[in-house]
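Count residues from 1 along the sequence.
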Amino acid sequence: MNISVTERIRRYRVVPVVVFQSIDEVRPTLRAMCEGGLPVAEITYRTDCAGEAIKIAVNEFPEMLIGAGTVINAEQCREALACGAKFIVSPGFSAAIAEICRAENVRYLGGCVTPTEIMTALSCGCDIVKFFPAASYGGLAAMKALSAAFPSVTFLPTGGISEQNLAEYLAWDKTFAVGGSWMTKGGPEETAEKCRTAVDIARSV
């Protein structure tokens, strides 16, 4: 796997999940994230402009670590990588996506919430998994229970996380990083401020 990408995510420990409805939102949002000290973005494949947004991010914001999120099939994965995505995130786990990422030496963070899914991830060479939606599937308590059976696995919880419980999630040693969209809801000034707060919380843990 690409150690540099993994270590960069581990350094910030917070991964903003960004949904762009139009290309016009891309530059001001990413600029605000950088101003807020959080140059990491998981740009989701929930909208038609995702691929173009990734291209703009990679080409115009080289200081940022740009990944693709909500990638649900091999076609989207290949497109995201062609656009320049440096890591791939899925709501569930896909062996096909894992195979593509392994061949391209790209970190794949596939979603797992059951022992069976985690075993599948491990069989595909993935020891860091997304836990989504975290709040709906038991949050920290559920991850700790799963961790007892899978001590080599670390988690990227996403869903139901905010400034209020971020520190609690990050305090657990098996939390690789935390993902969330709360940081990019609002205008550029609000985004920058929320990113600063998230960075401060992560550093304080």
Side-chain angles (χ1 to χ4, degrees), residues 1-20 23 25-47 49-71 76-91 97-98 100-111 126-132 154-159 161 166 169-170 175-185 188 191-203 205:
M1 290 298 177
N2 192 326
I3 296 175
S4 65
V5 166
T6 303
E7 290 305 316
R8 286 178 70 182
I9 295 175
R10 201 189 306 273
R11 181 188 310 158
Y12 292 101
R13 302 197 71 202
V14 180
V15 180
V17 177
V18 190
V19 182
F20 288 121
I23 293 301
E25 301 172 356
V26 176
R27 294 175 180 87
T29 299
L30 297 183
R31 195 174 299 115
M33 292 168 64
C34 291
E35 290 174 0
L38 196 48
V40 182
E42 174 194 326
I43 298 176
T44 69
Y45 259 77
R46 302 177 194 177
T47 59
C49 65
E52 186 62 26
I54 290 171
K55 288 181 182 178
I56 291 171
V58 171
N59 292 329
E60 299 185 23
F61 295 83
E63 71 275 25
M64 296 193 73
L65 176 61
I66 303 297
T70 323
V71 176
Q76 285 183 341
C77 180
R78 292 190 184 96
E79 179 184 321
L81 294 177
C83 290
K86 300 299 187 287
F87 62 96
I88 301 292
V89 187
S90 296
I97 294 174
I100 293 169
C101 289
R102 184 171 58 249
E104 297 295 332
N105 195 33
V106 170
R107 170 61 69 180
Y108 175 48
L109 301 163
C126 300
D127 58 356
I128 304 174
V129 300
K130 176 171 178 168
F131 189 78
F132 170 83
T154 54
F155 297 85
L156 174 75
T158 306
I161 301 173
L166 176 60
Y169 275 92
L170 290 178
T175 299
F176 166 63
V178 167
S181 59
W182 82 90
M183 290 157 283
T184 58
K185 290 180 178 178
T191 293
E193 185 57 35
K194 287 180 178 180
C195 285
R196 287 189 197 98
T197 300
V199 170
D200 288 343
I201 292 172
R203 287 175 177 168
V205 176

Apply side-chain contact (heavy atoms from CB on, under 4.5 Å) to the pair F132 and V89, showing each step before the final yes or no.
CA-CA 11 Å; F132 170 83; V89 187; over 6 Å; no
Is there side-chain contact between V71 and I97, with heavy atoms separated by less than 4.5 Å?
yes
Before giving the answer on side-chain contact (heavy atoms from CB on, under 4.5 Å), spell out for T47 and V19 the whole-Å C-alpha distance, their side-chain angles and the decisive distance to 0.1 Å.
CA-CA 7 Å; T47 59; V19 182; 4.0 Å; yes
Would you be so kind as to tabulate the donor-acceptor pairs closer than 3.5 Å made by side chains of residues 29-39, with sequence neighbours excluded?
residue, atom, partner, partner atom, Å
T29, OG1, E25, O, 2.8

Do you know which two heavy atoms are closest between V26 and A53, and how far apart they sit?
CG2-CB, 3.7 Å
Please enumerate all residues that pass side-chain hydrogen bond (donor to acceptor under 3.5 Å, both in side chains) together with R203, with sequence neighbours excluded.
none
Distance check, rounded to the nearest 0.5 Å: F176 atom CZ versus T6 atom OG1?
5.5 Å
Ignoring hydrogens and angles, tell me if any N or O in the side chain of K86 forms a donor-acceptor pair with the backbone of V5 under 3.5 Å.
no
In chain order, what residues pass the side-chain hydrogen bond (donor to acceptor under 3.5 Å, both in side chains) check against T70, with sequence neighbours excluded?
R46
Taken to the nearest 0.5 Å, the spacing of L109 CG from K130 NZ works out to 8.5 Å
Could you walk me through whether T44 and V18 pass side-chain contact (heavy atoms from CB on, under 4.5 Å), step by step?
CA-CA 6 Å; T44 69; V18 190; over 6 Å; no
Verdict with reasoning, F20 to I43, per side-chain contact (heavy atoms from CB on, under 4.5 Å):
CA-CA 8 Å; F20 288 121; I43 298 176; 3.9 Å; yes
Those residues that, when tested against E79, pass side-chain hydrogen bond (donor to acceptor under 3.5 Å, both in side chains) (two or more places apart):
Y45
Out of curiosity, Y169 OH to T158 OG1, how far, rounded to the nearest 0.5 Å?
9.5 Å
Please table the atom pairs, donor to acceptor, closer than 3.5 Å between any side-chain atom in residues 55-68 and protein atoms at least two apart or in another chain.
residue, atom, partner, partner atom, Å
N59, ND2, K55, O, 3.1
E60, OE1, R27, NE, 2.8
E60, OE2, R27, NE, 3.4
E60, OE2, R27, NH2, 2.9

Which heavy-atom pair separates C83 from G51 by the least distance, and what is that distance?
SG-O, 3.5 Å
Does T175 have any side-chain contact (heavy atoms from CB on, under 4.5 Å) partners at least two apart in sequence or in another chain, and if so, which?
R13, P157, L170, W172, V178
D200: which residues meet the salt bridge (Lys or Arg N to Asp or Glu O under 4.0 Å) condition with it, sequence neighbours left out?
none
All side-chain hydrogen bond (donor to acceptor under 3.5 Å, both in side chains) counterparts of S90, not counting sequence neighbours:
Y108
Atom pair CD1/SG of I88 and C101 - distance to nearest 0.5 Å:
5.0 Å
Measuring only between side-chain heavy atoms, which start at C-beta, is P16 closer than 4.5 Å to S181?
no
For the atom pair OH (Y12) and SG (C195), what is the distance rounded to the nearest 0.5 Å?
11.5 Å
Looking at every heavy atom in both G179 and V17, which two are closest together, and how far apart are they?
C-CG2, 4.3 Å
Find the distance between CD1 (I128) and CD1 (I9) and round it off to the nearest 0.5 Å.
7.5 Å
Under the salt bridge (Lys or Arg N to Asp or Glu O under 4.0 Å) rule, collect the residues that match up with R11, sequence neighbours excluded.
none
Is there side-chain contact between V40 and R8, with heavy atoms separated by less than 4.5 Å?
no
